[in-house]
Number of protein chains: 2
Amino acid sequence: MYITARADYAIRAMAELAVLGAEQRRAVLAVGTEANIPVKFLEAIFGDLVKAQLVTSKRGAGGGYALARPAAHISIADIVRAVDGPLAAVGGRAPEETVYTGASAALTNVWIALRSAMRDVLEATSLDDVVTGNFSPDVQRWLAADGAWQRRSS
Amino acid sequence: MYITARADYAIRAMAELAVLGAEQRRAVLAVGTEANIPVKFLEAIFGDLVKAQLVTSKRGAGGGYALARPAAHISIADIVRAVDGPLAAVGGRAPEETVYTGASAALTNVWIALRSAMRDVLEATSLDDVVTGNFSPDVQRWLAADGAWQRRSS
DNA sequence: TATAATTCCTATCGATTCAGTAGGAAAAGC
DNA sequence: GCTTTTCCTACTGAATCGATAGGAATTATA
């Protein structure tokens, strides 16, 4: 249960694009140095984001990357999926593809519920929410939940 | 965002113990063959579960493993944490330890909310819930959510 | 007291992923 | 033509994942 550096970098880089005016392009070098992300690594990440059509690219002098659509219409889930694949996978399978028998027959339900809960946060949060700090009521409820900010050792 | 085979195996193995009477011991060999889990691998997993005090062990003939407490008081989150570590980690850091500046300053909130949502499922679900198929209202709501069983391609 | 059953401990393995680097080809603007 | 920039391929070192191997320590039982 791990959010990779790729996903973290991707979101931060796109946040950087989001604060520019729409259609405004920015080069990898600029984004990388500003956000403190290894430039060559970020280059590869942007490749994924282009493939997922979350950003558009333009080569050559004056080129760079820009958001493909308004920041309000790009969810964090979109970005995570673009660089890390599916939100939840169990031993390489999607939750609904898992098959259990006997005592653990109901386990598929747990994975489905887990993915559903994760989606509730990551799909409801847009890039715009992140840059403005203005989160959806659902997310705000999670943030206010009991012990949300506490580490749970046991 | 990956549930490892370790976690999957651990839950299934403990579910196998849960259907036995309390205090009933079971050998790794028996559990492994019954649940179709590589025995030697499962042996290592049980080591983690003992360390986390979720099961007790007894060596020698007639020995084996048993749940350390009633199945209703062992959450899926307990098991996952015992074998896989913290539920959510961002580049090796706990969500509340992440530090962001500039455009992505609010990103910590997203990770906190995500962990909070994951906890809502995995802490509210006990081993007993899994073997009986009787889930908490919260979890049932997630299962009934729109598109919960659908893959989300884009 | 021997023997069989069982956990426990250490070590190893191949494959994959993760994070990151390197070098250069292709395109675009000046 | 020169510079800027994306794009593509390849590589690397470290860690993790899933799994196996061999044997030491412990316990019950015959």
### Query
Ignoring hydrogens and geometry, is there a side-chain-to-backbone donor-acceptor pair from B/R119 to B/E123 under 3.5 Å?
no

#### Entry: Between P of C/dA19 and CD1 of A/I3, the distance in whole Å
12 Å

### Query
For the side chain of B/R6, counting heavy atoms from C-beta on, which of D/dG18, C/dA5, D/dC7 is nearest?
D/dG18

### Task
Respond yes when some side-chain nitrogen or oxygen of A/Y2 is under 4.0 Å from OP1 or OP2 of D/dT16, and no when none is.
no

### Query
What's the CG-P distance between B/D8 and D/dG18, to the nearest Å?
10 Å

### Task
Check B/D48, B/D8, B/L54 against B/V83 for a side chain to side chain contact (heavy atoms under 4.5 Å, CB included) and give me the one that passes.
B/D48

### Query
Between D/dT5, C/dG29, D/dT27, which one does the side chain of B/A61 approach most closely?
D/dT27

#### Entry: Interatomic distance where CG belongs to B/L29 and P belongs to C/dA4 [whole Å]
17 Å

### Query
How is A/G64 classified with respect to the nucleic acid when contacts are heavy atoms under 4.0 Å: base, sugar-phosphate, or nothing?
sugar-phosphate

### Query
Counting side-chain heavy atoms from CB outward, which of C/dA19, C/dT6, D/dT20 is closest to B/A27?
C/dT6

### Task
Return yes if the base of C/dG23 and the side-chain atoms of A/K40 contain a donor-acceptor N/O pair under 3.5 Å, otherwise no.
yes

### Query
Can you find a side chain N or O atom of A/S57 that sits less than 4.0 Å from OP1 or OP2 on D/dC7?
yes

### Task
Could you please name the option among D/dG22, C/dA19, D/dT27 that lies closest to any side-chain atom of A/A5?
C/dA19

### Task
Could you check whether B/Y65 gets within reach of a base, just the sugar-phosphate, or nothing at all, counting any heavy atom under 4.0 Å?
sugar-phosphate

### Message
Between A/T98 and A/T108, is there a side-chain donor-acceptor contact under 3.5 Å, judged purely by atom types and distance?
### Response
yes

### Message
It should be established whether B/K51 places a side-chain nitrogen or oxygen under 4.0 Å from OP1 or OP2 of nucleotide C/dC8.
### Response
no

### Interatomic distance, B/K58 NZ vs C/dT7 C1' [rounded to whole Å]
12 Å

### Message
Given B/Y65, which partner from the list B/T56, B/L49, B/V31, B/V50 fulfils the side chain to side chain contact (heavy atoms under 4.5 Å, CB included) test?
### Response
B/V50

### Query
Looking at D/dG18, D/dT6, D/dA19, which one has an atom nearest to any side-chain atom of A/E43?
D/dT6

### Message
Between C1' on D/dT16 and CD1 on B/I45, what's the gap in Å once rounded to a whole number?
### Response
14 Å

## Note on the structure
note: B/L49, atom CG; C/dC8, atom C1'; distance rounded to Å ~ 14 Å

### Task
Take atom CZ of B/F41 and atom P of C/dG14, then tell me their distance rounded to the nearest Å.
17 Å

### Query
Is a donor on one side and an acceptor on the other found under 3.5 Å between the side chain of B/S104 and the backbone of B/Y100?
no

